[in-house]
Amino acid sequence: MPELPEVETVVRSIAPLVGRRIVGAEFRCLRVLRGGDPDEMAAQVSGKRIARVERYGKFILIHLAPSGYLMVHLGMTGKLLLGGPSGKHTHAVLTLSRGVLLYDDSRQFGRLQYFDSVPQRLQELGPEPLEVSFEDFFARMKGRKTSIKALLLNQNFVRGVGNIYADESLFRAGIHPQAMAGRLKRERARRLYGAVREVLREAIDAGGSSISDYVDAEGRRGWFQIQHRVYGREGEPCSKCRSPIRRVVVAQRSSHFCAKCQRR
DNA sequence: ATCGGTACCTGCACGC
DNA sequence: TGCGTGCAGGTACCGA
């Protein structure tokens, strides 16, 4: 479900929780805790205040005061919801000094973990695509022997790009998803850099893409999906040249592209 | 260090 | 109506 623009939208929607206290916590699903103990986690967060909510690519880091961090990743189907009824896929309930925050995740690919300090995984991630310089972006592509699609999906290259925005960015840049990353010339890399940033900004402005069930913490859907030019449009005419959009598997993921407009 | 392949879950749309 | 198949915004882990 959620890539950088969706996670950014979720983070913005839970920003009002800053300053509130976690008065009670219940964790129900072992899988999303990734080895954490439910009762221990409840004890670690209970009584603490939400000091700050931050996004690292697709990860959410909730700073607790006086100490500690709750790291949240939404996986494919994770949702943070302000209030609302808890259902069969509600895996965590945080009772706040005002309101309730639920974690819901039908496929359980997401995760909720407590850390005493900023988790190592977050430090290993690549830079934010909206903050990285072109020189750094280009330097990171050098010598890579994988497809540009796979590289864009690699969170240690840049953080936050997923399947939708990789395909949309490659279309806008006119680059074939299977082009070898390390072979892209400076000029084409420049176009890709611009395309990634443009797509992400537009998607954030649209509140993300709601393909099936993505919603922010207030239950609002995004509408960037209506601006998708290739993702989910297999067989439809390309918006530039009218030739049919194709779908192939690259890096084990569906990749949507125009064979005429996107060159290797 | 880097790369490709696999595993992890549930739900939904589809064809029969 | 039910059943099998394929597909889905994700990452982690394995061996080569």
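Below, chain A is the first sequence line, B the second, and so on; all start at residue 1. Values below: all heavy atoms of this structure, side chains included; hydrogens, waters and symmetry mates excluded. Owing to the predicted nature of the structure, the values given are computational and were not obtained by experimental measurement.
- Straight-line distance from the CZ atom of Phe157(A) to the C1' atom of dA1(B): 16 Å, rounded to whole Å.
- Tyr193(A) has its ring centre less than 6.0 Å from the ring centre of Phe134(A).
- Taking the side chain as every heavy atom from C-beta outward, Arg233(A) and Arg247(A) never approach each other to under 4.5 Å.
- Rounded to whole Å, atom C1' of dC8(B) lies 15 Å from atom CD of Gln252(A).
- Rounded to a whole Å, the CE atom of Met76(A) is 13 Å from the C1' atom of dG6(C).
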In dot-bracket notation, what is the pairing pattern of DNA chain C, taking Watson-Crick (N1-N3 plus N6-O4 or O6-N4) and G-U wobble (N1-O2 and O6-N3) contacts under 3.5 Å, with [ ] crossing and | for other strands? .|||||||.|||||||
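- Atom CG in Asn154(A) sits roughly 14 Å away from atom C1' in dG10(C) (whole-Å rounding).
- Put simply, CD on Glu26(A) and OH on Tyr103(A) are 16.0 Å apart, with the number rounded to the nearest 0.5 Å.
- For dG11(B), the OP1/OP2 oxygens have a side-chain nitrogen or oxygen of Lys88(A) closer than 4.0 Å.
- To the nearest angstrom, C1' of dA1(B) lies 13 Å from NZ of Lys145(A).
- Panel note: side chain Arg52(A), backbone Leu64(A); no donor-acceptor pair is recorded below 3.5 Å.
- Heavy atoms of Tyr165(A) sit nowhere under 4.0 angstrom from any nucleic acid atom.
- Closest to the side chain of Gln108(A), from the set dT2(B), dA8(C), dT10(B), is dT10(B).
- OP1 and OP2 of dC12(B) both lie 4.0 Å or more from every side-chain N or O belonging to Ser212(A).
- Between the Glu3(A) side chain and the Val161(A) main chain, no donor and acceptor come within less than 3.5 Å of each other.
- Not a single donor-acceptor pair under 3.5 Å links the side chain of Glu198(A) to the backbone N or O of Gly194(A).
- Side-chain atoms of Gln155(A) come within 3.5 Å of backbone N or O of Leu153(A) as a donor-acceptor pair.
- For Leu74(A) and dA8(C), the CG to C1' distance is 16 Å, given to the nearest whole Å.
- Taking only side-chain atoms of Arg247(A), from C-beta outward, the nucleotide of dC7(C), dC3(B), dT10(B) with the closest atom is dC7(C).
- Contact of the Met76(A) side chain with the Pro2(A) side chain is not registered, since no non-hydrogen atoms from C-beta on lie closer than 4.5 Å.
- Phosphate contact (OP1/OP2 of dT10(B), side-chain N/O of Thr77(A), threshold under 4.0 Å): absent.
- Taking only side-chain atoms of Tyr231(A), from C-beta outward, the nucleotide of dA8(C), dT10(B), dG4(B) with the closest atom is dA8(C).
- Considering only the side chain of Ser106(A), dG11(B) comes nearest among dG4(B), dG11(B), dA8(C).
- By the 6.0 Å and 45° rule, Lys149(A) does not stack over the aromatic ring of Phe257(A).
- Annotation: side chain of His176(A) is not in contact with side chain of Leu170(A) (no heavy-atom distance under 4.5 Å).
- Counting any heavy atom pair closer than 4.0 Å across all strands shown, Ser210(A) reaches a base atom.
- If you measure from atom CG of Leu125(A) to atom C1' of dG10(C), you get 13 Å, rounded to the nearest angstrom.
- The separation between Asn163(A) atom CG and dG10(C) atom C1' is 10 Å, rounded to whole Å.
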Where protein sits on nucleotides 11-16 of chain C, one letter per nucleotide: B base, S sugar-phosphate only, - none, heavy atoms under 4.0 Å: SS----
